[in-house]
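Accompanying notes for the structure given below.
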Amino acid sequence: MGDRETSNHSEVTDFILLGFRVHPKLHIVLFLLFLLVYSMILLGNIGMMVIIMTDPWLNTPMYFFLGNLSFIDLFYSSVIAPKAMINFWSESKSISFAGCVTQLFLFALFIVTEGFLLAAMAHDRLIAICNPLLYSVQMSTHLCTVAGSYFCDCISSVLQTSMTFTLSFCVSRATDHFYCDTRPLYRISCSDPFIYKMVSFSLSSIIVLPTIIVIVVSYIYIVSTVFKIRSTEGLKKAFSTCSSHLGVVSVLYGAVFFMYLTPEFPELSKLASLCYTLVSPMLNPLIYSLRNKDVKEALKRILEKKNIVF
């Protein structure tokens with residue numbers, strides 16, 4: 001039995017990404033929609049990184065985290081969107097075995113890193129509001145925080161990906177999704193995925209729960225501190241600095257929880273996946289730029305310098 005499964009597994013050279021079950025004539029509409037959203041992701045996140053790197057006034061831990069958030073959003077959406085757009089025009093809709101492994105690994109790496117980064121940003125806001133005099137001292141280790149999150153998430157992604165692709169795929173190569181993800185791959189496996197699912201769930205819990213706890217605890221302390229602020233201006237500034245982060249957290253974790261903690265409905269899962277693969281990376285730079293006075297002033301300074309040069 002083991003030899004047969006190994007043989008069947010070795011025969012799989014590619015997978016078919018079925019994508020969205022819509023009329024073929026609507027593929028052009030979906031392609032244009034994906035193209036528009038992905039263009040906004042590129043423009044918004046590259047623009048945010050350029051502004052943060054070129055303006056010395058934004059050389060603070062908060063904007064260091066924001067720059068990394070834009071980097072992560074840019075790359076994990078780039079892992080998904082281009083291949084999805086190609087498949088709207090492709091008859092085979094196939095992705096190579098190596099391409100599927102790479103896509104799953106990179107997506108898992110960046111999406112989990114974003115969770116760690118959002119937790120670090122919540123702690124950053126906690127220190128800024130509750131202990132502003134110690135802000136520069138306590139947040140001086142932000143580089144180590146980000147580097148550590150990348151390292152831990154790389155190990156997690158290697159484990160998650162290697163477990164998924166030790167399964168035997170001997171029934172079908174067609175995955176009912178628009179990118180390679182664990183749940184659709186489990187459904188087409190002829191191995192019993194129960195143990196793999198339990199290990200994957202445990203691994204995800206070990207990684208995700210601490211980030212959620214950090215975010216929740218940070219905001220409990222922030223809220224308790226904010227209500228002690230008597231000045232209207234202070235309250236407005238505190239809520240302004242936290243509302244953007246809370247919006248990003250809500251979109252990401254809301255979609256992820258719906259995707260992985262609800263019964264499997266493929267079409268609903270695809271819509272939830274769109275929220276954190278494309279919608280969230282598109283909205284993040286808009287949320288942080290439109291509601292952020294520092295970013296708008298930095299952009300204004302950059303544009304003024306361009307006018308002086310030309």
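Numbering of residues begins at 1 and proceeds along the displayed sequence.
Among all heavy-atom pairs drawn from S156 and I207, the shortest one is OG-CD1, 2.7 Å. Taking both residues in full, the closest heavy atoms of L167 and S189 are given as CB-OG, 3.6 Å, listed atom of the first, atom of the second, then distance. Of all non-hydrogen atoms in V214 and A119, the two that sit nearest each other are CG1-O, 3.6 Å. Residues D14 and S94 come closest through the heavy atom pair OD2-CB, 3.8 Å. Across all their heavy atoms, C275 and V251 have their closest contact at O-CG1, 4.3 Å. Between V295 and Y288, the shortest heavy-atom distance links the atoms CG2-O, 4.0 Å.
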Set out, in order, the CA-CA distance, both residues' side-chain angles and the distance that settles side-chain contact (heavy atoms from CB on, under 4.5 Å) for Y276 and F107, then state yes or no. CA-CA 11 Å; Y276 61 80; F107 178 70; 3.2 Å; yes
Apply side chain to side chain donor-acceptor pair (under 3.5 Å) to residues Y253 and T211 and explain how you reach the verdict. CA-CA 11 Å; Y253 280 101; T211 63; 3.0 Å; yes
As a quick check of understanding, evaluate side-chain contact (heavy atoms from CB on, under 4.5 Å) for L33 and V29, giving each step before the final call. CA-CA 6 Å; L33 184 60; V29 176; 5.5 Å; no
Are I188 and R173 close enough, and set up right, to give a side-chain contact (heavy atoms from CB on, under 4.5 Å), and what steps lead you there? CA-CA 7 Å; I188 65 169; R173 297 181 297 117; 5.7 Å; no
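Between the side chain of D55 and the backbone N or O of I51 there is no donor-acceptor pair closer than 3.5 Å. Here the side chain of T277 pairs a donor or acceptor atom with the backbone of S273 at under 3.5 angstrom. The backbone N or O of L69 sits nowhere less than 3.5 Å from a side-chain atom of E114 that would complete a donor-acceptor pair.
With hydrogens and angles left out, the side-chain atoms of Y38 and S78 include a donor and acceptor closer than 3.5 Å.
For the pair T175/L18, no side-chain contact is recorded, criterion being any heavy-atom separation below 4.5 Å from C-beta on. Within the 4.5 Å cutoff, no side-chain heavy atoms of L74 are placed close to those of P281. At a threshold of 4.5 Å between non-hydrogen side-chain atoms, the residues M121 and V249 do not count as touching. Counting heavy atoms from C-beta outward, H177 and K270 have side chains that approach closer than 4.5 Å. T13 places none of its side-chain heavy atoms less than 4.5 Å from the side chain of F97. Between V279 and V37 the shortest side-chain heavy-atom distance does not fall below 4.5 Å. Residues F165 and L185 meet the side-chain proximity criterion, which asks for heavy atoms closer than 4.5 Å. When side chains are defined from C-beta on, N284 does not count as touching S70, because their heavy atoms never get closer than 4.5 Å.
The structure places CD1 of I52 at 8.0 Å from OH of Y63, a figure rounded to the nearest 0.5 Å. Note that CG of L278 is 10.5 Å distant from CG of L283, once rounded to the nearest 0.5 Å. Atom-to-atom distance recorded for L36:CG and I41:CD1 is 10.0 Å, nearest 0.5 angstrom. Considering CG of L17 and OG of S90, their distance stands at 9.5 Å, rounded to 0.5 Å. Distance check: H245 NE2 to D124 CG gives 8.5 Å after rounding to the nearest 0.5 Å. Rounding to the nearest 0.5 Å gives a distance of 11.0 Å between CG of L109 and CD1 of I155.
When ring centroids are compared, H123 and F65 stay outside the 6.0 Å threshold.
Clustering ILVMFWY residues whenever any of their side-chain heavy atoms sit less than 4.5 angstrom apart, transitively, puts L35 in a cluster other than the one holding I86.
Residues satisfying the salt bridge (charged side-chain N to carboxylate O under 4.0 Å, His left out) criterion with K93, sequence neighbours excluded, are absent altogether. Judged as a side-chain hydrogen bond (donor to acceptor under 3.5 Å, both in side chains), and not counting sequence neighbours, S162 has no contacts.
Using cut-offs of 30° and 60° for the angle between ring planes, the F88 and F20 rings count as parallel. The aromatic rings of F178 and F34 lie perpendicular to each other, with more than 60° between the two planes, well past the 30° mark.
R187 has no carboxylate O lying under 4.0 Å from a charged side-chain N of D176, or vice versa, which leaves the two without a salt bridge.
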